Amino acid sequence: MSTRPAAGRCLVDLSAQDQLRRGAPERAPRLRVLCCPPAGAAAGYWRFLVREDVHVLGVQYPGRESRFREPAAPTVEALAAEAAAAVAAAPWARAAITPGASADVPLVVLGHSMGASVAAELASRLEHREGIRVALLALSAKTAPGTAEVASTGAGTGAGTDEDLREGLDPLAPGADAAMVRWLRRLGGTPEAVLEHPELLALQLPALRADLRVSMAYDRFPAPVGAPLLLLRGTEDVTVDPGGLEAWRPVSTGPVQRREYPGGHHPLADHGDRLLEDLLACAASGRSG
């Protein structure tokens, strides 16, 4: 009997959830975005991208929400492998395999922070192992493997150069939770209500620590995809410098484009419309090239 997680747990259709909530009819999408969340986050992190004409799917890592009782994945590669299998099983995936199919919708693979590593692996697996064409690979707020760490926080690669991050990773160390809260507060993106609520922290910190360890251990580039590469960062993000982001270039043989959005390490939710415009434009340029 297979232990592979059901696609409904590994891949969350955020657009379908929104349609059900609103009682809205399904519309043919102009873009499909497969999203990999940052460390500690769930698939719902990407709900801000949902539009009537954009199909948004979030990768759900184990250890949270519907997969709360599942053990953490051991590697980034394992996360990408189960997500690729779930995508390949999706009804819409056949159109991504057959060029010129009437239901063909550009597929973007997008990842933020730790999720950028998962996205790079996922896009590679989809193209090389599943035969699914990716129109665009978009990587956000993540220093490439093997690139020197930005010393201020260590969040760009998760390599642990920040003292609070190092202290916070070991749940048995004295003051570990407090150190992790200090690090999260500086990084931004976590609601203060969560940081000040011990019960909520107790639920979220195990998944966050597991994700960070996996992110820190990731040290390779997957086989490159032919899709264009879009590199994203916040203008005030001190965790990832442009050079560290640019070092992702080997994951694609296609053209590379860059976009910056006002904000720190988590700027995308505040610029959802602009992000979707950039994804559409860059995916279209790759398909016409």
Side-chain angles (χ1 to χ4, degrees), residues 2-14 32-46 56-67 70-90 92-93 96-97 107-146 157-158 207-208 210-232 247-254:
S2 174
T3 58
R4 177 180 294 173
R9 298 204 308 273
C10 180
L11 199 61
V12 180
D13 192 328
L14 299 172
R32 181 170 286 115
V33 190
L34 181 57
C35 306
C36 304
Y45 176 89
W46 298 102
V56 181
L57 302 113
V59 174
Q60 189 77 289
Y61 307 148
R64 67 218 70 197
E65 294 189 353
S66 61
R67 305 186 65 187
E70 296 181 35
T75 62
V76 164
E77 293 90 335
L79 288 169
E82 66 173 24
V87 171
W92 50 263
I97 297 175
L107 174 63
V108 174
V109 180
L110 167 65
H112 180 72
S113 198
M114 168 199 166
S117 297
V118 181
E121 285 282 345
L122 175 55
S124 181
R125 284 178 175 269
L126 291 177
E127 179 173 304
H128 296 291
R129 301 194 184 193
E130 304 293 349
I132 295 175
R133 293 177 296 114
V134 174
L136 177 69
L137 173 59
L139 306 180
S140 171
K142 177 72 172 175
T143 299
T157 62
L208 173 62
D211 288 351
L212 288 171
R213 293 189 193 98
V214 164
S215 183
M216 291 176 189
Y218 186 68
D219 61 357
R220 56 163 257 167
F221 289 118
V225 297
L229 176 65
L230 177 61
L231 301 174
L232 310 169
W248 279 106
R249 191 65 185 82
V251 301
S252 167
T253 60

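The structure displayed is predicted, hence computed values, not measured ones.
Summarising the geometry of Pro37 relative to Tyr61, their closest heavy-atom pair is O-OH, 2.7 Å, with the distance given to 0.1 Å. Val251 and Pro222 get closest at one heavy-atom pair: CG1-CD, 4.0 Å. Across all non-hydrogen atoms, the minimal contact from Pro250 to Pro224 is O-CB, 3.4 Å. Nearest heavy-atom pair across Thr253 and Gly226 is OG1-CA, 3.5 Å. Considering all non-hydrogen atoms of both residues, Ser252 and Leu229 come closest at CB-CB, 3.8 Å. Heavy atoms only, all atoms of each residue included: Ala93 and Ile132 are closest at CB-CD1, 3.9 Å.
Under 3.5 Å, the side chains of Tyr218 and Glu121 contain a donor-acceptor pair of N or O atoms.
Note that CG of Leu79 is 8.5 Å distant from SG of Cys10, once rounded to the nearest 0.5 Å. If you take CG on Leu136 and CG on Leu34, they are separated by 12.0 Å, rounding to the nearest 0.5 Å. If you take NZ on Lys142 and CG on Leu231, they are separated by 14.0 Å, rounding to the nearest 0.5 Å. With rounding to the nearest 0.5 Å, the separation of OG in Ser117 from CH2 in Trp248 is 3.5 Å. Going from atom CG of Leu137 over to atom CG of Leu110 covers 9.0 Å, rounded to the nearest 0.5 Å. Rounding to the nearest 0.5 angstrom, the gap separating the CZ atom in Arg249 from the CG atom in Leu139 is 11.5 Å.
When side chains are defined from C-beta on, Val134 does not count as touching Val225, because their heavy atoms never get closer than 4.5 Å.
A donor-acceptor contact shorter than 3.5 Å links the side chain of Ser124 to the backbone of Ala223. Between the side chain of Trp92 and the backbone N or O of Arg32, no donor-acceptor pair lies under 3.5 Å. Although no hydrogens or angles enter the test, the distance criterion places no donor-acceptor pair under 3.5 Å between the side chain of Arg125 and the main chain of Ala80. Formation of a donor-acceptor pair under 3.5 Å by the Arg129 side chain with backbone atoms of Glu127 is not found in this model. Proximity of a side-chain donor or acceptor of Asp13 to a complementary backbone N or O of Leu57 within less than 3.5 Å is not detected.
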Begin with the C-alpha distance, continue with both residues' side-chain angles, and end with the deciding distance and a verdict on side-chain contact (heavy atoms from CB on, under 4.5 Å) for Leu107 and Leu126.
CA-CA 11 Å; Leu107 174 63; Leu126 291 177; 4.3 Å; yes
So Val59 and Leu122, side-chain contact (heavy atoms from CB on, under 4.5 Å) or not? Walk me through it.
CA-CA 10 Å; Val59 174; Leu122 175 55; 4.2 Å; yes
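By the 30° and 60° cut-offs, the orientation of the rings of Trp46 relative to His112 is perpendicular.
The residue from Glu65, Glu70, Arg9, Glu82 that alone fulfils the side-chain hydrogen bond (donor to acceptor under 3.5 Å, both in side chains) condition with Gln60 is Glu65.
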